[in-house]
Amino acid sequence: MGPHYLENFLQAAFDVVGGAGKTLVLGGDGRFFNDRAAQVILAMAAANGVVRMIVGRGAILSTPAASHLIRLNKTDGGIILSASHNPGGRDEDFGVKFNMANGGPASETLTEAIHARSQTLSEYRLWQGADVDLGRIGRHRIGEMVVDVVDPVTDYAALMESLFDFPAIRALFQRGFRMRMDAMNAVTGPYAVEILENRLGTMRGTVVNATPLPDFGGLHPDPNPTWAHALMAELMGPAAPDFGAASDGDGDRNMVVGRGIYVSPSDSLAVLAANAHLVPGYAKGLAGVARSMPTSAAVDRVAAALGLACHETPTGWKFFGNLLDAGRVTLCGEESFGTGSDHLREKDGLWAVLMWLNILAARGQSVAKVMADHWVRFGRNYYSRHDYEAVETARAEALMAALRARLPSLPGQEVAGLTVAKADDFSYVDPVDGSVSQGQGVRVMFDGGSRFVMRLSGTGTEGATLRLYLERYAPGPGGLDLDPQQALAPVIAAAEAIAGIVAGTGRQGPDVVT
Ligand code: ZN
């Protein structure tokens, strides 16, 4: 909101991407400043020679819907206004994201070029004129540039209808299946109401917090058990519906919950992979699957059983984008509540919810039964993430450096009853473009499929977040219904013995456990 800030960022992007002759998609999650920023972007696009902008009505588009519009209209890319799952409001977060012609996030090469350009910028170009009425669907003009205001939901809903068995899901709801969808006052509301209530016929009022608000009504639109606690309480309570789901600020993340059972994102990805053939859009089978490195290996078990290629990538959706573009994978996901497929190039919250509904309708089973059957067939990857927040950056970095130094000596050692099979600092060679990403997080793997992963994120003035990802594999059929923290106790003990987290951070325990 500061003078010239947004303009400078955009001019750097236009200078690198080139505005002349281009068509772009524009929309955002409706948070504070969304409407004003959209007008600035349109005025700058016109001044930079863009020929056509496709804009969601009210400057609203979920991230997945924007990705779809870019692909559907074969545009040169798009601009998405969001700060994802972070709170919104005058004093909260805002973000501008450039997506490429494939519909996915800008590549590292592109973002680095934009940043470099921002360091040498001396001017920006802005069309001087009245605001466009973004409330009115249809064709508008700014100078030579066409502005097509479109319904934000229609094309996305049609895509979902082409992938899923809507009659089967409708019949499921007619048989009395009840669900709760918490849109958290963020952008998914209008999409969920149209698809779930209008087209699939679930009860009116199934979608709650359905109106996107500039401050998300004070909610923190991050779909996890902590921030979606109202949904969790309802699904664990005496009057629980059959199924619950939540999504984030810009609609690309999802959390799914069954009556009395929480489904971790890692398990959700595995279940979707194992059952995708039940969904019309994936009936032909999967080309392969991918997960981010810290995500549990539950999907690896499915891939091994089904004979599918399985890729382990660094964190960040762009790594999946390369694999999807090359046709090497069909489904992908990450532990941070992101799941998606080759239908677009972003993660997609509502898509994941519809995958689950379609699978539940086809199997005629509860979420608890689907999970129980899954674990019996593939074994269970107990999983948890422990976050140590705002750790003094120097301390956090020293802890990681000490752990890295110990890695070569670990294999073969027995720690807390577990034997280290392999220990490394994850690096990734992209099989499509050959690019190498190093230092992506420390992995310590034990015999039998257990492991822990440690990474730092958000190093900055307020310190770093140390993330400890814990995983233990139980092959089944016994030992499948333990409490995750209890099941993970040996891995937690081994991580402490190897990494010295208590001494290194000065903390007795994690701040957040998911
Ligand atoms: Zn998001």
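Just so you know, ligand 1 is whichever comes first in the structure, and atom 1 is the first atom listed for that ligand.
- Protein N/O/S atoms nearer than 2.8 Å to the Zn ion (ligand 1) total 4.
- Taking the six-membered ring for Trp, His4 and Tyr124 have ring centres closer than 6.0 Å.
- Taking the six-membered ring for Trp, Tyr191 and Tyr156 have ring centres closer than 6.0 Å.
- Classification of the Tyr428-Phe319 ring pair by plane angle, with boundaries at 30° and 60°, yields perpendicular.
- Partners of Val429 by side-chain contact (heavy atoms from CB on, under 4.5 Å), not counting sequence neighbours, listed by chain and number: Val436.
- Among residue pairs with one or both ends in residues 317-329, those qualifying as side chain to side chain donor-acceptor pair (under 3.5 Å) are Asn102-Asp325, Asn322-Asp430, Asn322-Asp433, Asp325-Arg345; sequence neighbours excluded.
- Applying the salt bridge (Lys or Arg N to Asp or Glu O under 4.0 Å) test to pairs two or more places apart or on separate chains, those with a residue in residues 53-73 are Arg57-Asp151.
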